[in-house]
Number of protein chains: 2
Amino acid sequence: MSAEASGTIPPQLQLDNQLCFPLYAASRMMTRLYQDKLAPLGLTYPQYIVMMILWERAPCAVKVVSERAMLNTNTLTPLLKRLEQQGLIARRRDTADERVVVLYLTELGRRLRDDCECIPEALLSSLAVQEGDLLQLKEILHRLLPALSGQVDEGVE
Amino acid sequence: MSAEASGTIPPQLQLDNQLCFPLYAASRMMTRLYQDKLAPLGLTYPQYIVMMILWERAPCAVKVVSERAMLNTNTLTPLLKRLEQQGLIARRRDTADERVVVLYLTELGRRLRDDCECIPEALLSSLAVQEGDLLQLKEILHRLLPALSGQVDEGVE
DNA sequence: TTTAATTATATCGTGCGCGATATAATTGCG
DNA sequence: CGCAATTATATCGCGCACGATATAATTAAA
């Protein structure tokens, strides 16, 4: 059960030197914290993200949600069907362009927003972290995200 | 297809004001970038994380990997079986304590490290982002992660 | 020293994520 | 007009994540 001498590992492969791992782990931990608050409302975390987009944009096409959430239809279609089954949204083909599926909020879906309002603040304030760190993190991520997604699309086009 | 007036949305629920969403999105984008480099090696991103831990610690118990990666056995057991099938690791019950499964690197698994060495640097340097942002991001995440995981465990014990 | 807690791992079910591919509607071009 | 691109959504398959639960081995405690 002895550990390998850590000097033999190239520094760029040590977990502590990685950026990707804390990003990955922090994202999962954050999601778990949200799930605790969302589960009583019957929402998963990705569903909550989609609902936030719909609270801003509905009625709108699936495409709009797809671009904003950076999720493809292979993820969104089943997720949206589940939201529909829960009675939070309605999905209808656009009569003008039958390719487009338009998403509408139901009254239930609209009301759910009230229950979600307090979640982000309650969650972040319970973290034993400097307020400044959270603000700075958000700023850096807002700069990083376009760079990342630009790099991701590069191979596609 | 008109958008709801954005003034009606409470500011704490606007996607742009959230910390959780850019964290979630950035993590996924980063994972995708890694997948591009890892796929030719036959590795997924979570498998790569586990291999990094094993390069540091093997031979070691599943428990060690579980704590370091912050992943439970319901995720790890199938993942480790796949690594074993690929001939990268071996899994054997500890004779001293039959509850423990000890993970060993095979020669193939050890050699894979050489192919992975260049990945993190190649990846990060291709990002159109200030070097300082990446360093600062890493620092903040290293402070945030314990706060997050502490909050996550709180309900468990 | 039986027996009750604890520990380490495994299993099950559900819901993402995403690469690859399919399908149908619309647009554009000769 | 006719037909080839393009666009919007859907489907399929696999591998995570994770809550809940199970099982077997070890330790602790009465």
Side-chain angles (χ1 to χ4, degrees), chain A residues 1 24-25 27-36 38-40 42-50 60-67 69-86 91-103 149 152-153 155-157, chain B residues 1 24-25 27-36 38-40 42-50 60-67 69-86 91-103 149 152-153 155-157:
Chain A
M1 201 86 57
Y24 162 73
S27 171
R28 286 189 295 114
M29 296 303 109
M30 185 72 86
T31 299
R32 276 204 235 173
L33 287 185
Y34 268 89
Q35 292 283 29
D36 294 341
L38 294 171
L43 281 183
T44 67
Y45 178 75
Q47 288 168 9
Y48 165 74
I49 296 292
V50 167
C60 68
V62 171
K63 186 97 218 288
V64 171
V65 178
S66 167
E67 275 170 358
M70 303 192 217
L71 289 168
N72 274 316
T73 55
N74 45 13
T75 299
L76 281 178
T77 299
L79 188 155
L80 291 168
K81 282 182 180 173
R82 282 186 281 272
L83 290 181
E84 188 179 38
Q85 280 182 346
Q86 291 176 54
R91 295 155 68 240
R92 228 169 320 133
R93 290 273 168 189
D94 188 342
T95 47
D97 185 341
E98 287 279 356
R99 290 172 304 180
V100 173
V101 170
V102 183
L103 305 170
S149 68
V152 164
D153 306 333
V156 180
E157 55 209 3
Chain B
M1 199 85 61
Y24 163 73
S27 171
R28 286 188 296 112
M29 296 302 110
M30 185 71 88
T31 300
R32 276 205 234 173
L33 288 184
Y34 267 91
Q35 292 282 30
D36 294 341
L38 293 172
L43 281 183
T44 67
Y45 178 74
Q47 286 168 11
Y48 165 74
I49 296 293
V50 168
C60 67
V62 170
K63 187 95 217 290
V64 171
V65 177
S66 168
E67 276 171 357
M70 303 191 218
L71 289 167
N72 273 316
T73 56
N74 44 12
T75 300
L76 281 177
T77 300
L79 189 155
L80 291 168
K81 282 181 179 174
R82 283 187 280 271
L83 290 180
E84 188 179 37
Q85 279 180 347
Q86 291 175 54
R91 296 155 68 240
R92 228 168 319 134
R93 289 273 169 188
D94 189 342
T95 46
D97 185 341
E98 286 280 354
R99 291 173 302 181
V100 173
V101 170
V102 183
L103 305 169
S149 68
V152 165
D153 307 333
V156 181
E157 54 207 2

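A, B, ... follow the sequence lines: proteins, then strands. Residue 1 opens every chain. No experiment lies behind these values; they were computed from the predicted model shown.
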Quiz item: Just how large is the angle between the end axes of the helix from C/dT1-D/dA30 to C/dG30-D/dC1, five pairs per end, to 10 degrees?
Solution: 0°
Exercise. Please work out if B/Gln35 contacts a base, only the sugar-phosphate, or nothing of the nucleic acid, heavy-atom cut-off 4.0 Å.
Key: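 The residue B/Gln35 makes no contact with any strand.
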Exercise. May I ask you to say what B/Ala96 touches in the nucleic acid, namely base, sugar-phosphate or nothing, with a heavy-atom cut-off under 4.0 Å?
Key: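 Since only primed, P, OP1 and OP2 atoms lie under 4.0 Å of B/Ala96, the category is sugar-phosphate.
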Quiz item: Do you know the tightest heavy-atom contact between A/Ile49 and B/Tyr24?
Solution: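 It is CG1-CE2, 4.4 Å.
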State whether [X] places a side-chain N or O below 4.0 Å from either non-bridging phosphate oxygen (OP1 or OP2) of [N].
X       : N      : answer
A/Arg32 : D/dA17 : no
B/Thr44 : D/dG15 : no
A/Tyr24 : D/dC16 : no

Closest approach to the side chain of [X], judged atom by atom: which nucleotide of [options] is it?
X       : options                : result
B/Arg82 : C/dA25, D/dC16, C/dA8  : D/dC16
A/Glu98 : D/dC18, D/dA25, C/dT26 : C/dT26
B/Pro46 : C/dC18, D/dA25, D/dA17 : D/dA17

Exercise. Could you tell me whether the side chain of B/Val101 reaches within less than 4.5 Å of the side chain of B/Arg92, counting heavy atoms only?
Key: no
Self-check item: Nearest-0.5 Å distance that lies between atom CG in A/Leu80 and atom CD in A/Gln47
Solution: 9.5 Å
Quiz item: From A/Ser149 OG over to B/Met30 CE, what is the distance, rounded to the nearest 0.5 angstrom?
Solution: 12.0 Å
Answer yes or no: is there a donor N or O on one side and an acceptor on the other, between the side chain of [X] and the main chain of [Y], under 3.5 Å?
X       : Y       : answer
B/Ser66 : B/Val62 : no
A/Arg93 : A/Glu98 : yes
B/Arg28 : A/Leu71 : no

Quiz item: Which residues satisfy the side-chain hydrogen bond (donor to acceptor under 3.5 Å, both in side chains) test with B/Arg91, sequence neighbours excluded?
Solution: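 B/Arg91 satisfies side-chain hydrogen bond (donor to acceptor under 3.5 Å, both in side chains) with B/Glu84 once adjacent residues are dropped.
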Exercise. Output all residues satisfying side-chain hydrogen bond (donor to acceptor under 3.5 Å, both in side chains) with B/Asn72, sequence neighbours left out; order by chain, then residue number.
Key: none
If I take atom [atom1] in residue [X] and atom [atom2] in nucleotide [N], what distance separates them, rounded to the nearest angstrom?
X       : N      : atom1 : atom2 : value
A/Leu83 : C/dG15 : CG    : P     : 11 Å
A/Ile49 : C/dG15 : CD1   : P     : 18 Å
A/Asp97 : C/dA25 : CG    : P     : 10 Å
A/Leu38 : C/dC16 : CG    : C1'   : 14 Å
A/Met30 : D/dC18 : CE    : P     : 14 Å
B/Glu67 : C/dA8  : CD    : C1'   : 11 Å
B/Gln85 : D/dG15 : CD    : C1'   : 13 Å

Quiz item: For the side chain to side chain contact (heavy atoms under 4.5 Å, CB included) test, which of B/Val65, B/Thr75, B/Leu103 pairs with B/Val50?
Solution: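 Considering B/Val65, B/Thr75, B/Leu103, a side chain to side chain contact (heavy atoms under 4.5 Å, CB included) with B/Val50 is found only for B/Val65.
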Show me the protein contacts with nucleotides 10-12 of chain D, counting only N or O atoms at under 3.5 Å.
unit_1: D/dA10; atom_1: OP1; unit_2: A/Arg91; atom_2: NH2; d: 2.8
unit_1: D/dA10; atom_1: OP2; unit_2: A/Thr77; atom_2: OG1; d: 2.7
unit_1: D/dA10; atom_1: N7; unit_2: A/Thr73; atom_2: OG1; d: 2.8
unit_1: D/dT11; atom_1: OP2; unit_2: A/Lys81; atom_2: NZ; d: 2.9

Practice problem: Could you say whether A/Tyr45 or B/Lys63 is positioned toward the 5' end of DNA chain C, judged by the nucleotide with the nearest heavy atom to each? | Solution: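 In this pair, the answer is B/Lys63.
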Practice problem: Evaluate the criterion side-chain contact (heavy atoms from CB on, under 4.5 Å) for residue pair A/Met29 and A/Leu33; output intermediate values, then yes/no. | Solution: CA-CA 6 Å; A/Met29 296 303 109; A/Leu33 287 185; 5.8 Å; no
Quiz prompt | Partners passing ring-ring contact (aromatic ring centres under 6.0 Å, His included) against B/Tyr48 (at least two apart in sequence or in another chain) | solution = B/Tyr34
Quiz item: Start at the 5' end of DNA chain D and walk down; is the nucleotide closest to B/Asn72 or to B/Leu79 reached first?
Solution: B/Leu79
Mind listing the N/O atom pairs, protein and nucleotides 4-6 of chain C, below 3.5 Å?
none

